[in-house]
Amino acid sequence: MDLMSTPDAPEFATALLAWFDAHQRILPWRDNRDAYRIWVSEVMLQQTQVKTVIPHFERFLRRFPTIHDLSAADEQTVLREWEGLGYYRRAKHLHQAAKQLAPLSTNGLPSDPKTWEELPGVGRYILGAVLSQAFDLRLPIVEANTIRVLSRLFAYRDDPRDTTGKKWLWQTAERILPTARIGDFNQALMELGALVCTPDAPACSKCPVASFCAANHLGEQASIPMAPTATVIESVREVAVILRRAGRMLLVQRPKTGRWADMWEFPRTVLTTDESNDQAAGRLLTEQGITAKLDCQFHELRHGVTRYRIQLAAWLADHEAGEFAAIGYQNQVWTSLEELANYPVSVPQRQLIQRLRSDGRSVSLFD
DNA sequence: AATACGGGGTA
DNA sequence: TACCCAGTATT
């Protein structure tokens with residue numbers, strides 16, 4: 001058996017960086033090493049593919065070119081700019097963190113890890129990604145691409161996603177860090193995972209570090225990393241009502257399950273009985289102390305969340321009397337028309353509004 | 001240790 | 001359809 005070089009050898013970083021220099025994609029956040037731009041990009045890229053992020057990133061940076069522009073904006077504006085990216089908590093945390101960081105950023109963003117660790121929405125990945133890329137601090141990263149790349153390089157056969165695997169990943173990511181070009185090295189590892197060391201059919205023949213790869217030597221690229229246990233997707237029915245008052249349309253949506261249900265207290269049993277959807281919608285309003293006429297417009301939308309496939313039945317209603325509260329993303333509760341009307345809507349909700357408009361209805365949610 | 005959190009891309 | 005994606009916070 002021949003000796004194989006391991007990825008903690010200096011030759012590994014040399015080979016990987018040479019490949020990165022020649023083959024990296026041109027991405028808008030690679031224009032320069034501005035910490036703010038890198039930070040925004042890393043937050044957007046959480047659980048979101050590069051191709052999806054690019055147009056949002058460019059629009060967001062035009063709207064908020066510096067951390068001071070972002071910190072000066074109100075939250076609703078930031079959330080609206082985030083529309084379509086999902087995981088809106090990211091935007092809230094980014095905005096809160098910008099407010100904390102802006103006063104410390106008169107000469108650029110701080111490079112002190114302690115300062116960054118305190119920020120909402122900044123975990124170990126964001127910390128390493130931003131500080132290694134912006135300031136070349138010697139901090140490791142672990143994320144979707146590098147989980148796969150590291151598992152294969154070392155032929156890690158256990159589940160890299162469990163507690164033991166995570167610990168191994170962070171230790172390994174730190175151990176193979178070179179002593180210079182840390183940010184490029186971290187990015188190169190991710191870029192390799194995105195372009196070469198892909199989940200299905202990795203292009204090992206084009207891999208610059210195949211000679212360092214245990215899985216490649218063993219021919220086990222297809223079985224490493226081990227597949228995660230499949231997620232069970234549950235189908236859920238939701239009821240929503242669109243309130244129309246004073247020329248404005250408002251969407252009131254019942255939460256799907258869990259914590260939201262505790263707040264809304266709309267009995268889920270309704271959804272599994274023979275009770276008609278009209279009655280369910282009527283009760284939804286009544287329980288909120290709202291008097292409304294339903295004109296029985298029925299729409300069915302599909303709204304994807306992690307573990308649920310949601311069928312949303314929506315009605316149009318004229319709001320006659322009564323105060324109301326509405327619930328939407330992140331347990332947000334609105335108590336005023338203004339607040340709700342200015343909140344970003346999800347893509348399915350936007351589709352619903354477009355459908356109403358195509359039916360000749362005047363929808364003025366944002367007008 | 002599990003779960004919540006979105007929406008888009010892809011075979 | 002089912003899985004994947006430059007994760008973090010909460011329970």
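Quick note on labels: first sequence line is chain A, next is B, and so on, each numbered from 1.
A/Asp34 and A/Arg37 are not joined by a salt bridge, as no carboxylate oxygen comes within less than 4.0 angstrom of a charged side-chain nitrogen. Contact check on A/Arg80 versus A/Glu83 returns a salt bridge, with a Lys/Arg side-chain nitrogen under 4.0 Å from an Asp/Glu carboxylate oxygen.
From A/Arg62, atom CZ reaches atom CZ of A/Phe57 across 11.0 Å, with rounding to the nearest 0.5 Å. The CG atom of A/Asp162 sits 12.0 Å away from atom CH2 of A/Trp168, with the distance rounded to the nearest 0.5 Å.
The CE atom of A/Met44 sits 15 Å away from the P atom of B/dG7 (whole-angstrom rounding). Rounded to whole angstrom, the span from the CG atom of A/Leu85 across to the P atom of B/dG9 amounts to 12 Å. The separation between A/Trp39 atom CH2 and C/dT8 atom P is 13 Å, rounded to whole Å. Spacing between atom CH2 of A/Trp82 and atom P of B/dG8 amounts to 14 Å, rounded to whole angstrom units. To the nearest angstrom, C1' of C/dA9 lies 19 Å from OH of A/Tyr88. Rounded to whole Å, the distance from NZ on A/Lys51 to C1' on B/dG7 is 15 Å. Across the protein-nucleic acid pair, A/Trp116 atom CH2 and C/dT8 atom P stand 13 Å apart, rounded to whole Å.
When the P atom is used for both C/dT11 and B/dG6, the distance is 15 Å, rounded to whole Å. C/dC5 and B/dC5: their C1' atoms are spaced 14 Å apart (whole Å). The P atoms of C/dA9 and B/dG8 are separated by 24 Å, rounded to the nearest whole Å.
Using a 30° and 60° split on the angle between ring planes, A/Trp82 and A/Phe60 fall in the perpendicular class, above 60°.
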Write down the protein N/O and nucleotide N/O pairs, taken from nucleotides 3-7 of chain C, whose separation is under 3.5 Å; answer none if there are no such pairs.
from, atom 1, to, atom 2, distance (Å)
C/dC5, OP1, A/Arg148, NH1, 2.3
C/dC5, O4', A/Gln49, NE2, 3.3
C/dC5, O2, A/Gln47, O, 3.2
C/dA6, OP2, A/Asn145, OD1, 3.0
C/dA6, OP2, A/Asn145, ND2, 3.0
C/dA6, O5', A/Asn145, ND2, 2.8
C/dA6, O4', A/Glu143, OE1, 2.8
C/dA6, N9, A/Tyr125, OH, 3.2
C/dA6, N7, A/Glu42, OE1, 3.2
C/dA6, N7, A/Glu42, OE2, 3.0
C/dA6, N6, A/Trp29, NE1, 3.4
C/dA6, N6, A/Arg30, NH2, 3.2
C/dG7, OP1, A/Ala144, N, 3.0
C/dG7, OP2, A/Gln47, N, 2.7
C/dG7, OP2, A/Gln47, NE2, 3.3
C/dG7, N7, A/Gln47, NE2, 3.3

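Using a 3.5 Å distance cut-off with no hydrogens or angles, the side chains of A/Thr48 and A/Arg90 do pair a donor with an acceptor.
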